[in-house]
Amino acid sequence: MAAGRFITFEGTDGSGKSTQARLLSEHLRGEGRDVVLTREPGGSPGAAEIRALLLEGPPDRWSPEAEILLFTAARRDHLEKTIEPAIRAGKIVICDRFADSTRTYQGVRREGLRAVVDSLHERMIGREPDLTFIIDTEPDTGLARALSRRTAERRFEAFGQEMQARIRAEFLALAQEHPHRCVVIDGDRDIDAVARDIARVAGERLT
Ligand code: ADP
Ligand code: TYD
């Protein structure tokens with residue numbers, strides 16, 4: 001049996017992660033590979049319940065510390081119920097957001113929180129993806145795309161453009177910290193051009 005793989009998509013809101021995760025999964029299925037497409041927060045019934053708590057309601061609903069715990073609780077359930085069983089079965093797991101989102105979104109909220117995120121991750125999650133695509137877009141492109149969606153899940157988009165710019169910079173810093181697994185993709189192009197780049201890199205890494 002082929003070894004399972006774990007691929008994540010990261011980036012700011014509206015950068016195109018969900019679109020590209022879906023296109024990569026279709027591309028790999030077309031090559032006959034067994035793919036599980038999933039997302040965070042969510043990806044298991046328990047984590048989906050936590051998702052609603054996190055993404056709906058006013059921006060100040062949770063402190064950054066409470067958010068870190070909720071995202072990590074959701075991730076732990078997702079890992080136990082969905083991600084690890086699929087990887088053990090030799091499948092390719094493609095996940096729309098994972099721990100890098102907690103490092104960036106919650107880690108930048110206050111001095112010292114990134115260290116909290118990292119230590120909790122080490123104790124409770126302890127797994128990194130084999131490959132992470134960071135889709136990089138100008139903050140206003142992504143935010144405009146995200147806000148054009150009709151959804152009640154607005155808590156994080158309500159933080160505005162300045163926060164998106166900080167998070168973008170944080171993702172680019174993470175890519176430099178972890179060059180072996182992170183690949184930055186220019187997301188300010190049409191969907192097919194972005195998808196072609198991603199399929200090429202995935203093809204090189206999955207052989
Ligand atoms: P994310 O998952 O990063 O929030 P989505 O994939 O949901 O982003 O895309 C947000 C919106 O922008 C969707 O309506 C999608 O169709 C559109 N979109 C995604 N990628 C592009 C692109 N490269 N160019 C133009 N529109 C895009
Ligand atoms: P998502 O549904 O991927 O939103 P989008 O499609 O707009 O990118 O994620 C919802 C929000 O949750 C998003 O604004 C980022 C935030 N988030 C965190 O703050 N920390 C996390 O660990 C995760 C997984 C998401």
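One is the number of the first residue; the rest follow in order along the sequence. For ligands, and for the atoms within them, numbers begin at 1 and follow the listed sequence. Values below: every heavy atom of this structure, side chains too, minus hydrogens, waters and symmetry copies. Since the structure is predicted, the reported quantities are computational estimates derived from the model, not experimental observations.
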J.: Can you tell me the protein heavy atom closest to atom 15 (C) of ligand 1 and the distance?
T.: Thr19 OG1, 3.8 Å
J.: With side chain to side chain donor-acceptor pair (under 3.5 Å) as the criterion, how do Arg97 and Tyr105 come out once you've worked through the C-alpha distance, each side chain's angles and the decisive distance to 0.1 Å?
T.: CA-CA 11 Å; Arg97 292 196 187 279; Tyr105 283 77; 3.1 Å; yes
J.: Side chain, backbone, both or neither: which part of Leu55 comes within less than 4.0 Å of ligand 2 when only heavy atoms are counted?
T.: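 It is the side chain that gets close, since no backbone atom is under 4.0 Å.
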J.: Counting only heavy atoms, tell me which of Arg97, Arg51, Glu40 gets closest to atom 2 (O) of ligand 2.
T.: Arg51
J.: Indicate, as side chain, backbone, both or neither, the part of Glu67 found under 4.0 angstrom from ligand 2 when only non-hydrogen atoms are considered.
T.: neither
J.: Can you find a non-hydrogen atom of Arg189 under 4.0 Å from ligand 1?
T.: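 Distance cut 4.0 Å: Arg189 passes for ligand 1.
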J.: Identify the closest protein heavy atom to atom 2 (O) of ligand 1: which residue and atom is it, and at what distance?
T.: Ser18 OG, 2.5 Å
J.: Is atom 6 (O) of ligand 1 less than 4.0 angstrom from some protein heavy atom?
T.: yes
J.: Going by the atom numbers of ligand 2, which of them fall below 4.0 Å from some non-hydrogen atom of Lys17?
T.: 8 (O)
J.: Can you name the closest pair of heavy atoms from Phe9 and Ile94 and give their distance?
T.: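 Reported closest heavy-atom pair: CE1-CG2, 3.6 Å.
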J.: Using a cut-off of 6.0 Å, state whether more than 12 heavy atoms not belonging to Glu177 lie near its atom CD.
T.: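 More than 12 within 6.0 Å, yes.
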J.: May I ask you to list the atoms of ligand 2 that are less than 4.0 angstrom from any heavy atom of Ser101?
T.: 20 (N), 21 (C), 22 (O), 23 (C), 24 (C)
J.: Any heavy atom of Arg39 closer to ligand 2 than 4.0 angstrom?
T.: no
J.: What residue and heavy atom of the protein are closest to atom 12 (O) of ligand 1, and at what distance?
T.: Arg145 CD, 3.2 Å
J.: Give a yes/no verdict on whether any heavy atom in Gly14 is under 4.0 Å from an atom of ligand 1.
T.: yes
J.: Run the numbers for me: atoms of ligand 2, each under 4.0 Å from some heavy atom of Gln106, listed by number.
T.: 18 (C), 19 (O), 20 (N), 21 (C), 22 (O)
J.: Would you say the side-chain atoms of Glu40 and Ser101 include a donor-acceptor pair closer than 3.5 Å?
T.: no
J.: Quick test of your reading of the model: are Arg76 and Glu80 salt-bridged, counting only N-O distances below 4.0 Å?
T.: yes
